[in-house]
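Take a look at the structure below.
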Amino acid sequence: TTRLGEVEEILATRPGATTWEVAERLTWSRTWPEIQGFIRRSALGETLAHLARLVALGRVVRGDGEVDSWSLAAPRPRATDRA
């Protein structure tokens, strides 16, 4: 979807970004500083859900450290590349 692509674009320019860093760079109906309280927590949860979906699709990997970090997965070779 569009949101998954937006997350991937962010990670392409900011490998190792945290969930927070990805969320604050996404396009929302308001600017990130205007999003507060429960709505901000919801936005972070939505961002985490998108990151988890991209991990399940093999397009993003989570870093190993204590603080969450995300990067694009290395592209897998296509069948035509292996011939």
Side-chain angles (χ1 to χ4, degrees):
T1 68
T2 303
R3 182 65 93 186
L4 296 179
E6 189 177 3
V7 170
E8 287 178 301
E9 287 176 20
I10 291 166
L11 293 177
T13 60
R14 294 193 54 92
T18 65
T19 303
W20 181 280
E21 291 168 332
V22 173
E24 70 183 349
R25 285 169 177 75
L26 287 170
T27 304
W28 301 102
S29 60
R30 292 179 253 163
T31 66
W32 188 247
E34 293 174 321
I35 300 171
Q36 297 295 318
F38 176 77
I39 302 300
R40 183 172 276 193
R41 289 190 298 278
S42 295
L44 287 167
E46 179 182 325
T47 302
L48 185 57
H50 284 80
L51 288 161
R53 179 68 179 138
L54 288 167
V55 168
L57 293 171
R59 292 161 41 185
V60 166
V61 293
R62 187 181 191 280
D64 292 331
E66 276 186 41
V67 175
D68 71 324
S69 63
W70 308 90
S71 297
L72 294 178
R76 290 187 240 163
R78 296 175 299 184
T80 56
D81 293 340
R82 289 182 257 155

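Values below: all heavy atoms of this structure, side chains included; hydrogens, waters and symmetry mates excluded. Numbers for residues simply follow the sequence, beginning at 1.
- Nearest heavy-atom pair across G16 and S71 is N-OG, 3.0 Å.
- To the nearest 0.5 Å, the span separating OG1 on T47 from CD on E6 amounts to 9.0 Å.
- Residues meeting the side-chain hydrogen bond (donor to acceptor under 3.5 Å, both in side chains) test with T19, sequence neighbours left out: D68, W70.
- E34 pairs by the side-chain hydrogen bond (donor to acceptor under 3.5 Å, both in side chains) definition with T31, not counting sequence neighbours.
- The hydrophobic cluster containing L11 does not contain V61, counting ILVMFWY residues as joined when their side-chain heavy atoms lie under 4.5 angstrom apart, directly or transitively.
- Connection of V55 to V67 is not established within any shared hydrophobic cluster, with ILVMFWY side chains joined at heavy-atom distances below 4.5 Å, either directly or through further cluster members.
- Counting only residues at least two apart or in different chains, side-chain hydrogen bond (donor to acceptor under 3.5 Å, both in side chains) contacts with residues 8-17 comprise E8-R59.
- For the pair R25 and W32, the cation does not sit on the ring face, since its NZ or CZ is not both under 6.0 Å from the ring centre and inside 45° of the axis.
- The heavy-atom pair separating W28 from A23 by the smallest distance is NE1-O, 2.7 Å.
- In terms of heavy atoms, A12 sits closest to P15 at O-CD, 4.2 Å.
- Interatomic distance, R41 CZ to I35 CD1, rounded to the nearest 0.5 Å: 13.0 Å.
- Considering CG of L51 and OG1 of T18, their distance stands at 9.5 Å, rounded to 0.5 Å.
- Taking each heavy atom of H50 and L4 in turn, the nearest pair found is CD2-CD2, 3.5 Å.
- The shortest side-chain heavy-atom distance between V60 and L72 falls under the 4.5 Å cut-off.
- For the residue pair G58 and A73, the shortest heavy atom distance occurs at O-CB, 3.3 Å.
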